[in-house]
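In the text below, chain A, chain B and the rest are named by the order of the sequence lines, each starting its count at 1. Here the structure is a predicted model, which means the values were calculated and not measured.
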Number of protein chains: 2
Amino acid sequence: MTMECRYCPLRRKDAFSPLSQDEIAFMQKFKAGELTVEPGTPILMEGSNAPQLFTALSGMGIREKTLANGERQVINFIFPGDFIGLQAGLLGEMGHSVEARTHMRLCVFNRSDFWNLFKTHPSRGFDVTWLAAVEEHFLGETLATIGQRTALQAMAWALVKIFQRGEALDLVTNNQMALPYTQRDMADSLGLSLVHTNKTLSKLKDRQLASWSDKVLQINDLSALAEVAVMNLDKPQPRPLI
Amino acid sequence: MTMECRYCPLRRKDAFSPLSQDEIAFMQKFKAGELTVEPGTPILMEGSNAPQLFTALSGMGIREKTLANGERQVINFIFPGDFIGLQAGLLGEMGHSVEARTHMRLCVFNRSDFWNLFKTHPSRGFDVTWLAAVEEHFLGETLATIGQRTALQAMAWALVKIFQRGEALDLVTNNQMALPYTQRDMADSLGLSLVHTNKTLSKLKDRQLASWSDKVLQINDLSALAEVAVMNLDKPQPRPLI
DNA sequence: CGAAATATTGAATTACGTCAAATAGAGTGG
DNA sequence: CCACTCTATTTGACGTAATTCAATATTTCG
């Protein structure tokens, strides 16, 4: 039994901007179904021309890209509400792979309907572009992180970003949230070695800023952490949910 | 005297996909004017809510982002045909600054007309999204470069990418093209120090793969360079021109 | 319970950054 | 055209943040 869009619990989260009744009704028609996957399941493959697009409804995943020599870059972490497959939908080829890290529920759309969305509901097409702009914005920040921040600054930045996303999705309780990734995932997302990632996390823990173990992230002092990260602490603004 | 879109010399380049007569006529109305700037001129400021969007018509520029501690990350290099200001247009805030590095001519659009573009010409809205997806794709590759490639691999990758963009724009003659940036720009784009950038370029020159001096890039062996870069050499597909 | 990930720690190594100084151009003004 | 300044490039020496190697816990899971 697939959830009806108008009852979608995601819509109510702070993270997302509201839709009109009309738009919700349209999305219901656009929605082709739901997909449920287990941890480790590949959802989209780099270079593939997938016929389907997704929105993550629950669970977490990862966007990653592998070089010919086997090195892996984690592009970012996928949280509920994230739109998956834009590149396949438009360019006809994914620049990265997407894989589930927990049990995930995904809203499924047909790529063939995608153009129709722009034509009949330009406001929703506008929203897709909005999301693309948000992603571009985020990737620019990530670039600055990997390129210019030290390991400690980068790790602090990453944890703050993750925590803020968690907050907007009501995933945080008592300054804690589930973070079901491995240190290897985190290392590959920041361009650090696994060993140094581990030691950098220890350092943040020693300083009583944040700790992440047993798949639980705890932030003790968000503003101090942001200070270490050389970043500004401003709330992410609401974004559309596709 | 501003150029009419239908005579725009950019449209004919391999880099871009063709437009219908109708679409060109519409773009003509959408176009608010032209802007000419000198080297060093800031075009958009990080954090600003600019009322205007641009497409680069000629010349080159740079997208960059500066951290609170003064470190600078070059997000990418701006070539003719690049769309500028998507983030301001949608999110109301640029995530990076844009600055001219040569004399540049820019096509100017009003942000207030932007929504209208999606509404009345969904195909053009679709194209804007296409460009956003291309950018996202590129930033993902850049992330993998800074995060996973060595200095030599990264430099080789950057030069191949630039050269390919140049080729698609007919900027290459005799395996040479103008590349009016400084080594500092390049260093900040790859997250390397200036000194190491210089030494890495020397190494590529010693190996007879590529040389870049006096603002001219020369590629001697593109496929060998791509091999050093651990990358695949496939032609960039045509993309829309806004 | 055993096997395979994952996490942790110490020691050795290195790719890269920093410092410093020389050289080379590019632009300005007299 | 020549001083002058400013920016960009180049090179050598040295320092270090981060990688790699290696070994040992610890957890996860079939």
Side-chain angles (χ1 to χ4, degrees), chain A residues 38-41 62 67 69-74 99-103 145-158 178-206 210-218 228 230, chain B residues 38-40 62 67 69-74 99 101-103 145-158 178-206 210-218 228 230:
Chain A
E38 292 313 305
T41 311
I62 208 164
L67 301 188
N69 62 7
E71 296 294 312
R72 178 182 77 137
Q73 176 68 38
V74 169
E99 199 175 302
R101 275 287 174 275
T102 68
H103 178 92
T145 295
I146 301 186
Q148 310 300 332
R149 284 189 241 253
T150 65
L152 191 72
Q153 293 168 348
M155 183 62 69
W157 176 87
L179 192 62
Y181 300 99
T182 63
Q183 290 188 14
R184 168 132 297 290
D185 288 333
M186 184 60 78
D188 289 346
S189 83
L190 296 176
L192 298 174
S193 72
L194 174 58
V195 170
H196 200 55
T197 295
N198 184 285
K199 288 173 178 169
T200 304
L201 279 167
S202 307
K203 201 173 282 185
L204 288 177
K205 189 174 191 173
D206 290 348
S211 63
W212 174 38
S213 51
D214 302 318
K215 311 289 184 199
V216 174
L217 170 65
Q218 170 168 327
V228 169
V230 199
Chain B
E38 292 313 304
I62 208 164
L67 301 189
N69 62 6
E71 297 292 315
R72 179 181 75 135
Q73 176 68 38
V74 170
E99 198 175 303
R101 275 286 175 275
T102 68
H103 179 92
T145 295
I146 301 185
Q148 309 301 331
R149 284 188 242 253
T150 65
L152 192 72
Q153 292 168 349
M155 183 61 69
W157 176 86
L179 193 61
Y181 301 99
T182 63
Q183 291 187 15
R184 168 133 297 289
D185 288 333
M186 184 61 78
D188 288 346
S189 83
L190 297 176
L192 299 173
S193 72
L194 174 58
V195 171
H196 201 58
T197 296
N198 184 284
K199 288 173 178 168
T200 304
L201 279 168
S202 306
K203 202 173 280 187
L204 288 177
K205 191 173 189 173
D206 290 347
S211 63
W212 174 37
S213 52
D214 302 317
K215 310 290 183 199
V216 173
L217 169 65
Q218 170 168 328
V228 168
V230 198

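Contact annotation for A/Gly191: backbone-only contact, meaning every heavy-atom pair under 4.0 Å involves sugar-phosphate atoms and none involves a base. Residue B/Thr182 is classed as a sugar-phosphate contact, given heavy-atom separations below 4.0 Å to backbone atoms only.
The nearest whole Å value for the distance from the CD atom in A/Glu71 to the P atom in D/dT20 is 7 Å. Distance, A/Met186 CE to C/dT6 P: 15 Å, rounded to whole Å. Between the CD atom of B/Glu38 and the P atom of C/dG27 there is a distance of 13 Å, given to the nearest Å. Summarising the geometry, the separation between CD1 on A/Ile146 and P on D/dT19 is reported as 12 Å, rounded to the nearest angstrom. Between the P atom of C/dA5 and the NZ atom of A/Lys215 lies a distance of 14 Å, rounded to the nearest Å. The distance between atom CG of A/Leu194 and atom P of D/dC21, rounded to the nearest whole Å, is 13 Å. Distance A/Tyr181 OH to C/dT6 P: 14 Å, rounded to the nearest Å. Distance A/His196 NE2 to D/dC21 P: 17 Å, rounded to the nearest Å.
Contacts between residues 147-155 of chain A and DNA chain D, defined by a heavy-atom separation below 4.0 Å, involve A/Thr150, A/Ala151, listed by number.
A close approach under 4.0 Å does occur between a side-chain nitrogen or oxygen of A/Gln183 and OP1 or OP2 of C/dT8. Taking 4.0 angstrom as the limit, B/Asn198 places none of its side-chain polar atoms (N or O) nearer than this to OP1 or OP2 of D/dT9.
Residues B/Lys199 and B/Asp206 are not paired through a salt bridge, judged by the lack of any N-O separation under 4.0 Å between the basic side chain and the carboxylate.
Looking at heavy atoms from C-beta onward, A/Val228 lies in side-chain contact with A/Leu152 at the 4.5 angstrom threshold. B/Gln148 is not listed as a side-chain neighbour of B/Gln153, based on a closest heavy-atom distance of 4.5 Å or more. Side-chain contact between A/Leu179 and A/Arg101 is absent, with no heavy-atom pair separated by less than 4.5 Å.
Place B/Arg184 and B/Lys199 on DNA chain D by their nearest nucleotides, and B/Arg184 ends up nearer the 5' end.
Across D/dT19, C/dG17, D/dC21, the shortest atom-to-atom separation from the side chain of A/Ser193 is found for D/dT19.
Atoms NZ and OG1, on A/Lys215 and A/Thr102 in that order, are 11.0 Å from each other to the nearest 0.5 Å. Interatomic distance, CE of B/Met155 versus OG1 of B/Thr145, reported as 11.5 Å (0.5 Å rounding).
Between B/Thr182 and B/Trp212, the shortest heavy-atom distance links the atoms O-CH2, 3.6 Å.
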